Structure formats: structure tokens, C-alpha cells
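Contents: one structure, followed by commentary.
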Amino acid sequence: MVQRGNFIARTGGPGAYVSALVFLCLFPALLLITAPAAMADGLSYTGIYGYSEDMNGRFLQQTNHSANLAMEQDLTWAMNLSEDLRYSQSYQERGLYREDINPAARLGVNNDLFAVSLAASQSENRVEGKDPVFSRSTQADINSTWKGRWLPSLHVGVGSDRDYTDSDPRTSDRQIDHINTNADWGMGGIGLYYDFLAKKDKDRVAGSEYDFVSHLARFTANRTFWRDRLSFGFSHSYNFSSSDNANTATSAGLVFQKLVLSQALSGVDTTPLTGALGNNPGLNDGNRNNAALSVTVPGQGYNIVARVDLQTVDYLYLYTTSDLSSLLSSFSWRLYTSPNGSNWTQVTLNSSSVTFNPQNLRFEVPAGGLSAVYVKVVLDYALASPLPAFTEIEAYDVTVAAAGSQLKNTTDITTNQTSLSLGLRASENVKLSYSLSLYKKEYDPGRDSENRSQTGSANWHPNRYFDSTVTVGDSWRRESGQLDNSSRIYGLQLGSSILDTLDLNSSGSYTDNWRGEVKVSRNQHYTFDLTAQLYPDLRGLYSLTHDITETVATGAEDKSLAQTLEFSSDLTPRLASTVSGRYLEVDNPAGKTTTYVSGLSFAWHPGDLLSFTLQGTRTWHPGYIESQVLSVGANSKTSVNTQLDLTYILTKKNTTSQSGTVSFRWNLTRWLYWQNSGVYQTTAVNRFMFNSRLTANFSTY
């Protein structure tokens, strides 16, 4: 039995002995070396006390304290020792009490041949109503530091991480051991890279074990010839990975098999049907303790994506930093799939079917056996406090088996990716380019996929008055058991700077789309943009977009036409205004609709400490008004240490609603500030919330 509060705990397994050995090496050295001048190189403290109350008298108190002590010693000219001690405590009324302590140490050796880093950390996490969770992490890294034209850069890293409870029986006990090595060499535009990764993830409580091995090799070549008139680029990468899963069936006879995710993405997107998201490796690194995505503004669409590459997904797990089971009703959920990460299709998901597992601190989202390249969860959170954070996303396939039995499976994935680019500057005014991309991914077992895309373009820019680009391209995709999807695109772009104050740009493209040998649709896309500096303080913009999509089998057409006219002016050095109008026409077999949108905005800065904003928009259709929105804002820095912000929004759409916010911040001292905010909303149900927060922040860094 491990004693609570004993950070160097006696536990079984090879990872435990590695951790104990590292601490035995580092901390005695710390005690010997830092006396008597073991003064803190850096000390910081942050304390927050918050109070909020709504119109129904419900209130919430929150306190957060965190302190950090850091020390560093130069043992010799080539050796360095650093220590770090972090402590944090948070309390939320009617919710959560959490306490964390995390000591860490690092020994570094650096010379002309190599740099060695030996690090270890230990932590204890206590959450009200749960068993304390102990975490231990050790990491050793060796990097080459030699310099030479023919010498490669080398790296070797070995580490172990373990999370466990000291209850009997234990409610969690998970250990991850990993080793990673890579070599990188380049000279004369030629580059070679190799990476090896091996990881073992063992969950003793769930009775599961996951082994993963990956090899990645990449070759690149980039050269220019004929005084940079001809450019050449080529790269090929080969990646082979193998994963072995061993999972024990639950008492209900279900086996949860963890899937390999090749990528995790996230971002805020209020239009989740279109648009790509940014890469977020922190959501797919196996670390369930550190936040990788934090909700900062309630009510926005937070998108979390797992690239599953056509594997069958029955459940998605979203891990959080705290127990959110009492706030489950404050979340709403949507589920999407995509073949390319940009165009999404919503699938059926009942928000009430999403549950929260308080023991493992995770949302469990049923996916219903989806098979797609990308699977996306979109969540909306309604409360202003507390704001949740997410640490990891996992995907699982569920199989039926006898209760208590163990199911083993192996998945091999082979990926080949090749890209080629050519560029020719035939003259000062003529440029030609070509690019080719090939991608093939093979699953054993599973569904394979292939992609090919190529584009060629010619640019002619004889003078400022004429700039033209012709583009031709095609793309092709094949998936096992599916018809091929392909498309061909032809495009023309024209631009001109007729005057120093006038720019014209126009483009057009035509695309044919096939499924198998049958043409299924054709698309036409046209744009025209005109920007002009009419007067020194007056700018104008006109934009037109026209799209036509035809379904070949039926001859049905979807047409859309959008026009925008906008004028912006600096009426005075401190007063700016913008007037805009937009016309949108949609014509399809379901009917024809016409929409008008007008907008007006002012920004006034009468002084450096005071500013006002006014915005108004109106949306209407022939015969009726859809919505009207008026927004007023004010910002005042009444002194160097105080700031006041006010907003008011009036919305008329079916019904009339009003909302407003007020925020006041006061820097009482250099290390202490006080912030108050209030929010109200009048709809069918009136809402009001007041929040006050006092923050102390001190640091010697």
C-alpha cells in the first residue's frame, strides 16, 4: 500500500525503478550543492478569489492559489542542475476542491559532442470525493552537438509516465513507457530523415495493453538551376506503424479497442460545415493532465477533430482537467464527418446521449459506428464560469465478446507520400509551374485509400496594367470498396492596377466531378473585386461572387449571386465610419430567395483614455424584415490603474431581446488587481449574473 503524501512511492513495475533511480541521483545532489546559498532563483505566486451571483440568488465562490519555486545551479562549465516546485489549490463551491503538488528536477550536461538531459517529476492530485492520483514522469534525452558538413544530427529519448491511485483496489493505474530516436542530415539541397518510436501503454485497472511501433523515413531534394530560372523540388516519405491491442471484455461483454489517430485538430468555428482547423498535437500525445484546448468564451463553437482514416468509431472520449458531471446539462453537442478536413457533413447525435465519466474525467460521445477520414465533435458551453479545458481525444471501436475474455488484435498501417514541384521563369514576365502529390495509405486489416492531385499554371505579367494566370488541375481519390471520385478544374485569373488608387481582380473556374466513369456534377465559380482610394480619407470596395452547380443526372441547377458594396472613411483623425450593403440571391429547385443586408458602424476616440463604438445591421427580404441588431460599446481608462468597459446589444428577430455587459478593472497595487463584471439578458426569460474577482500576482522572475 502506498502512503498518501509519499511522493517517492514504492510501486511495482520497471518504470517505478527508473523513476526512483533518477530521484535518488538528482535530489541528494540538490541537497549537497545548494547549501548554504540555496536561494530561490525565481519565486512566483498567484491567488484568485472570485464571487458570482445570478438574479435567482444562486451564487458561486471560487478560490485559486498557485506558487512556484525555481532554482538553478551551474555545477561546472558543462553541467547544470535545476529544481522546480509547484503547488496549486482550487476550490469551487458546490463543485470541486483540487490540490496539486509537483516537484521536479533536471540535470543537464553539455559539451562539444553531445547534450544530455535527465529529468524527473512527481505529482499528487487530490480532488474532493475521489482517490488521490499520483503521477510520476522520468525522461532522458541525448542530442548531438557536433558540427560538421558530413555529420548528421542525432537524438535519443527514453521516458516513462505513470498515473495511479493508492486505494485498495486501485481505481486507476496506467503506465506509458516510450523510446524515440531520430537522425537528420542535409547538404546541398539534399535531406535525409529517419525517426523511430516505440510506446507501451498499459492500463492495469481496465486490463488493457497497447503497444505501438513506428518507422518514418523521408528524402527531400530542392535545387535551382540556370541562375534560379529553373527550380526543382521532390520529397518522398515512408511511414510504417504497427499497433497491438489487448483488451479485456467488461461484465456486459463489450471490448473497447483504442484506435490509432494520425492527427488531432481543434479550433473555434461558428460555421462547422466548411473550413479547416489547426493541428493540435497536444490532444493526441497521451497526456491527460495538461490542457490542450481551453474554453475561453462561452457560447462559441469549439471544434475537436480526430483523424481516424476510415476506421470504425463507436465512441469518442474527450478528457478534461476537472469533474464536469454537475455541468453536463450546460453542454450541447454536434457530430460531423469529412473526407478531406474542409467539407463536413453533420450526422445524427442526441446531446442527451453524451455522458460524463467522473472517475476518468472524460466526456463519452457515442459515434454509432462511423467510418470516415475525419470525425469532428462540436460543443457549445453555456456558463460564464467555470470554464472547462480538454486534455486528450481518443476513439474506440466496440466489439462484443464473452465477459472477462481478452481480445487481441494487430493493425499495420503503411503510408507512402510523394510530392514533386517544378518551376520555370521563362522570362521576366512569364512563369510556369507544376506540382504533383501522391498519397497512399494501406491498412492491414482495414480499408485502403489513395489520393492524387496535380496542378499546372502559367503566369504572364507584362506590366502593372495586366496580370494573368491560367490554371489546370485534377484530383483523384480511391477508397476500398468505393467508386473512385475525381475532378478536373480549369481556371483563369486576371488582375490590373489601372491607377495607383484603383485595383481590379477577377477570376473564373470550371470543375467537372466524376464518380467512377460517370460525370455527376459540374461547378462554375466567378469573382470580381474592385478596390479604390476615392479620396485621401475615403475608400471603396465592390465585390461580386457567382456560383453555379449543375447535377448532370437531373439537370437541376443551384445558383447563388452575392454582391457587396462598402465605403469606409476617416471623418476626422479620431472618428472613423463604415457603410456597407450586401445583396444575396439563391436560386435552386426548392425556390428563389433574395436577401438584403445593410450595415453602419462608427468608432470615435475623443481621447487616449476614452473610446466609443456604434454598430447596426439590418437583414430583410422583399416584404418582411428578418432581423435588426444595434450594438453600442464604450471603453474608458479613467486613470492609469482603472478601466471600464460597457456594451449594449438590441436585437429584433421574431421577438425583441436586449443584452448588456459591464466590466471594471482596478489595479490596486503592482501585484493586486480587482475585476468586476455583470451580464444581463432580456428575452422570454430574463437573466442576470454578477462576478467579482480579486487577483494577487507576484513574481521575482
Side-chain angles (χ1 to χ4, degrees), residues 52-60 268-273 295-302 327 329-334 346 351 378-385 387 562-568 575-586 590-604 610-636 644-664 676-692:
S52 61
E53 183 174 359
D54 62 20
M55 64 181 300
N56 296 318
R58 293 189 295 263
F59 62 90
L60 181 71
V268 177
D269 188 356
T270 56
T271 57
L273 287 174
V295 174
T296 56
V297 180
Q300 294 190 358
Y302 283 80
L327 305 175
S329 61
S330 302
F331 288 84
S332 60
W333 304 86
R334 287 167 286 163
Q346 186 172 3
S351 288
V378 178
L379 64 97
D380 294 290
Y381 181 63
L383 300 181
S385 178
L387 295 176
Q563 299 182 74
T564 300
L565 181 63
E566 179 180 291
F567 295 97
S568 57
L575 178 61
S577 67
T578 300
V579 180
S580 63
R582 180 175 172 81
Y583 170 84
L584 177 63
E585 180 181 286
V586 177
K592 182 177 180 180
T593 59
T594 303
T595 304
Y596 302 90
V597 181
S598 61
L600 175 66
S601 67
F602 289 94
W604 181 32
L610 185 63
S611 64
F612 298 95
T613 59
L614 172 66
Q615 293 181 325
T617 60
R618 184 185 188 190
T619 304
W620 74 97
H621 309 276
Y624 71 96
I625 297 175
E626 179 182 337
S627 67
Q628 298 180 84
V629 180
L630 175 65
S631 174
V632 181
N635 173 273
S636 174
L644 176 66
D645 295 287
L646 301 169
T647 62
Y648 170 78
I649 300 175
L650 173 65
T651 303
K652 291 185 177 181
K653 186 175 183 179
N654 298 326
T655 60
T656 300
S657 64
Q658 303 179 65
S659 64
T661 62
V662 56
S663 174
F664 177 71
N676 297 275
S677 62
V679 179
Y680 85 91
Q681 184 177 15
T682 62
T683 54
V685 178
N686 295 334
R687 298 177 180 177
F688 171 78
M689 175 174 284
F690 170 77
N691 181 278
S692 181

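Computed from a predicted structure; not experimentally measured.
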Give the minimum heavy-atom separation between S631 and I649, together with the two atoms involved.
-> OG-CG1, 3.9 Å

Report the distance from atom CG of L584 to atom OG1 of T594, rounding to the nearest 0.5 Å.
-> 8.5 Å

At what distance, to the nearest 0.5 angstrom, does OG of S692 lie from CG of N676?
-> 4.0 Å

Supply the atom-to-atom distance S332 OG to L379 CG, rounded to the nearest 0.5 angstrom.
-> 7.5 Å

State, to 0.1 Å, how close E626 and K653 come at their nearest heavy-atom pair, and which atoms those are.
-> O-CG, 3.5 Å

Side chains of I625 and R618: closer than 4.5 Å at any heavy-atom pair?
-> yes

For S677, does its backbone N or O pair with a side-chain atom of S663 as donor and acceptor, under 3.5 Å?
-> no

Under 3.5 Å: donor-acceptor pair, side chain of Y648, backbone of Q658 = no

Plane angle bin for Y596 and W620 - parallel if under 30°, tilted between 30 and 60°, otherwise perpendicular = parallel

In Å and rounded to the nearest 0.5 Å, what is the CG to CG distance from L610 to N635?
-> 8.0 Å

L646 vs F612 side-chain heavy atoms within contact, under 4.5 Å = no

Quick one: are the ring centres of W604 and F602 less than 6.0 Å apart?
-> no

Checking side chain to side chain contact (heavy atoms under 4.5 Å, CB included) for the pair R582/T595: CA distance, chi angles, key distance, verdict?
-> CA-CA 8 Å; R582 180 175 172 81; T595 304; over 6 Å; no

Distance, nearest 0.5 Å, that separates OG of S659 from CG of L650 | 9.0 Å

With a 4.5 Å limit on heavy-atom distance, are the side chains of V579 and L565 in contact?
-> no

Side chains of T647 and T661: do they bring a donor and an acceptor to under 3.5 Å?
-> yes

